[in-house]
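Residue numbers start from 1 in every chain, and the chains themselves are labelled A, B, ... in the order their sequence lines are given, proteins ahead of strands.
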There are 2 protein chains.
Amino acid sequence: MNQRQTVDERGGAGRPGKNGDGAERHEEIHRSISDAIIEHRLRPGARLREDALAEVFGISRTGIRKILQRLALEQLVTLTPRRGASVTRPTADEAKDVFDARQMVECGLIPEIARRITDDDLHELRDMARRERQALKSGEQSTAIRLSADFHARLARIAGNATLADFVERLCSRSSLILAVYGNPGHLGCESHDHDDLIVYLEAGNGERAQAFMGRHLKAIEASLSIVEEEAEAPDLHRIFSD
Amino acid sequence: MNQRQTVDERGGAGRPGKNGDGAERHEEIHRSISDAIIEHRLRPGARLREDALAEVFGISRTGIRKILQRLALEQLVTLTPRRGASVTRPTADEAKDVFDARQMVECGLIPEIARRITDDDLHELRDMARRERQALKSGEQSTAIRLSADFHARLARIAGNATLADFVERLCSRSSLILAVYGNPGHLGCESHDHDDLIVYLEAGNGERAQAFMGRHLKAIEASLSIVEEEAEAPDLHRIFSD
DNA sequence: TGCGCGATCATTGTATACATATCGGCGGCC
DNA sequence: GGCCGCCGATATGTATACAATGATCGCGCA
């Protein structure tokens with residue numbers, strides 16, 4: 001970029017046009033696909049054909065490829081050379097890594113969050129928790145799952161560290177995938193009242209209890225998974241037929 | 001240009017196994033650019049024109065764009081719509097975020113690292129630290145900077161959590177950029193003997209001391225920066241001429 | 001002589017065409 | 001009758017062509 005140089009003195013504030021309209025479109029498509037994955041409307045393993053996506057969203061394959069690559073770097077889709085894209089199917093190891101990482105980062109952020117949280121934050125968090133409960137009650141699992149991930153991401157952002165907040169957001173997205181593969185139907189992710197309890201601790205300024213609670217909360221989610229190595233691909237024939 | 005004038009005989013069975021070379025080639029180019037940025041051979045703000053890169057590496061702009069996008073997601077380059085790519089110039093806020101994140105994650109990983117570290121790991125780390133010292137002594141700053149980042153990344157990987165290790169690796173890359181902008185010449189990043197000291201603590205199985213040392217180590221790097229908001233873009237004329 | 005304005009150019013954004021690799025089916029051969 | 005190998009279909013990887021946009025620079029006018 002240009003560090004010095006004229007800043008285009010004409011008007012300064014007057015951005016002529018929404019110069020990024022194409023980019024915004026891409027952003028929108030990215031969100032569409034991302035949401036569909038997080039909400040389990042696209043299950044792990046589902047193939048994402050470029051042609052089909054291009055037709056659905058009305059752009060050419062070039063743009064789709066760009067979006068798929070971004071999704072791949074976010075580890076929501078897997079790009080197999082010459083085979084195309086599919087929704088990532090997290091392994092058991094990855095699941096463990098993700099939850100360990102969440103344990104470290106989300107708990108580590110709580111003290112700073114407790115220090116900086118404002119009334120507006122509390123209000124918004126309560127609203128998100130309420131909508132999540134409501135979605136759960138009315139059986140909209142997809143919405144509830146996304147709202148749960150949103151809650152954790154929004155919470156992390158309060159700490160004021162954009163880098164860590166982005167990281168947590170991605171971890172939450174991946175957690176959604178993990179729930180889709182290893183979660184038990186009926187018992188999805190966060191307990192319905194956990195988030196509300198967490199808000200109470202934060203509102204009381206009790207960072208330590210909030211931190212401990214977040215730790216238990218994440219452990220509870222992880223414990224609710226049935227992590228069994230599916231071994232669907234490349235079964236070990238030697239081991240199976242060794243005797 | 002480099003049109004492959006291969007025969008159109010698509011049934012030709014005798015294709016030499018160049019199946020994955022394209023992807024590997026891209027990986028290689030990514031590494032090349034990434035290293036150049038981390039080693040400060042490409043300074044923050046440097047423009048990266050697609051045509052030029054395409055010509056240098058002998059592929060078309062399509063491949064270059066893919067790589068630039070990946071670098072953008074890693075926050076090593078900044079993609080400005082309609083303006084192209086340039087090496088990211090981290091802001092002071094970003095610098096603080098990155099070092100806070102490193103403090104949390106790298107220190108948080110130390111206990112597990114101390115638990116799992118093997119003799120092979122120690123050997124390799126010692127070798128990296130030695131090469132880093134050597135590079136410093138012989139004035140090869142670029143190499144030293146990269147080796148320092150590699151050391152931290154390699155250390156993090158010992159903990160066995162790929163997700164967190166990848167995160168640390170990216171944080172270290174960004175730290176290199178931060179050093180390029182805010183670092184004082186002559187005093188670059190890690191002290192020459194710090195890494196060796198850390199190895200000693202780890203070898204002794206003294207996780208607590210290692211953890212404390214890592215904390216001081218990172219704080220020292222951060223403290224050595226002259227983080228002054230450059231304010232290069234959009235200087236606040238009102239403030240400057242207010243009196 | 002300085003400034004506004006318009007044309008040209010350079011560079012990116014997007015789409016499309018072509019080459020290539022993989023997958024599934026089918027026929028021949030053993 | 002079953003297995004191996006060929007072949008077409010499908011989808012991806014890559015390059016190139018075209019379009020759009022912002023920057024640069026020269027020119028005319030006050």
Between [N] atom [atom2] and [X] atom [atom1], what is the distance in whole Å?
{"X": "L79(B)", "N": "dT14(C)", "atom1": "CG", "atom2": "P", "answer": "11 Å"}
{"X": "H26(A)", "N": "dT14(C)", "atom1": "NE2", "atom2": "C1'", "answer": "8 Å"}
{"X": "R65(A)", "N": "dT16(C)", "atom1": "CZ", "atom2": "C1'", "answer": "13 Å"}
{"X": "E24(A)", "N": "dT14(C)", "atom1": "CD", "atom2": "P", "answer": "12 Å"}
{"X": "F57(B)", "N": "dA15(D)", "atom1": "CZ", "atom2": "C1'", "answer": "18 Å"}
{"X": "E50(A)", "N": "dT14(C)", "atom1": "CD", "atom2": "P", "answer": "16 Å"}
{"X": "R25(A)", "N": "dG13(C)", "atom1": "CZ", "atom2": "P", "answer": "18 Å"}
{"X": "I64(B)", "N": "dT16(D)", "atom1": "CD1", "atom2": "C1'", "answer": "15 Å"}

Between H40(A) and Q141(A): side-chain donor-acceptor atoms closer than 3.5 Å
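Distance-only check fails for H40(A) and Q141(A).
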
| task | Could you tell me whether the side chains of T78(A) and T88(A) share a donor-acceptor contact shorter than 3.5 Å? | result |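 T78(A) vs T88(A): donor-acceptor pair found between side chains.
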
Open item on the list: Heavy-atom nearest nucleotide on DNA chain C for G84(B) versus G58(A): which residue maps closer to 5'?
Closed with: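 The residue closer to the strand's 5' end, by nearest nucleotide, is G84(B).
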
Original post:
Above 12 or not: heavy atoms from other molecules or residues under 6.0 Å from CD of E55(B)?
Top reply: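 No, CD of E55(B) has 12 or fewer neighbouring heavy atoms, counting only those of other groups under 6.0 Å.
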
Discussion item. Below the 4.0 Å mark, does dT14(D) have OP1 or OP2 next to a side-chain nitrogen or oxygen of T62(B)?
Written reply: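 So the side chain of T62(B) is outside the cut-off, no N or O lying under 4.0 Å from OP1 or OP2 of dT14(D).
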
Indicate whether OP1 or OP2 belonging to dG13(D) is found under 4.0 Å from a side-chain N or O atom of K66(B).
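Looking at the OP1 and OP2 atoms of dG13(D), neither is under 4.0 Å from any side-chain N or O of K66(B).
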
- Message: Base, sugar-phosphate or nothing for R83(A)? Non-hydrogen atoms, less than 4.0 Å.
- Response: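 Sugar-phosphate contact only.
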
Just call it for R49(B): base, sugar-phosphate, or nothing, with non-hydrogen atoms closer than 4.0 Å on any strand.
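Sugar-phosphate, no base atom in range.
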
query: Do D166(B) and R170(B) pass the salt bridge (charged side-chain N to carboxylate O under 4.0 Å, His left out) test, and can you show the C-alpha distance, the side-chain angles, and the key distance before you say yes or no?
result: CA-CA 6 Å; D166(B) 289 345; R170(B) 278 177 41 186; over 6 Å; no

Tell me, please, which residues at least two apart from R154(B) pass side chain to side chain donor-acceptor pair (under 3.5 Å).
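Scan of R154(B) (side chain to side chain donor-acceptor pair (under 3.5 Å), adjacent residues dropped) gives D121(B), E124(B).
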
Which residue lies toward the 5' end of DNA chain D, R61(B) or T80(A), if each is placed at its nearest nucleotide?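 The 5'-side residue here is T80(A).
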
Distances for protein N/O vs nucleotides 5-7 of chain C N/O pairs under 3.5 angstrom?
none

Hey, is E24(B) close enough to R31(B) for a salt bridge, meaning N to O under 4.0 Å?
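Result for this pair is no, no salt bridge flagged.
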
Practice problem: Could you work out which one of dG13(C), dA11(D), dA21(C) sits closest to the side chain of R82(A)? | Solution: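 The answer is dA21(C), which lies nearest to the side chain.
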
Consider the side chain of R47(A), meaning its heavy atoms from C-beta on, and name the nucleotide among dA11(D), dG13(C), dG13(D) that approaches it most closely.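 The nucleotide sitting nearest to the side chain is dA11(D).
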
Step-by-step side-chain contact (heavy atoms from CB on, under 4.5 Å) determination, H26(A) to K66(A): CA-CA 9 Å; H26(A) 281 191; K66(A) 191 158 85 174; 3.2 Å; yes

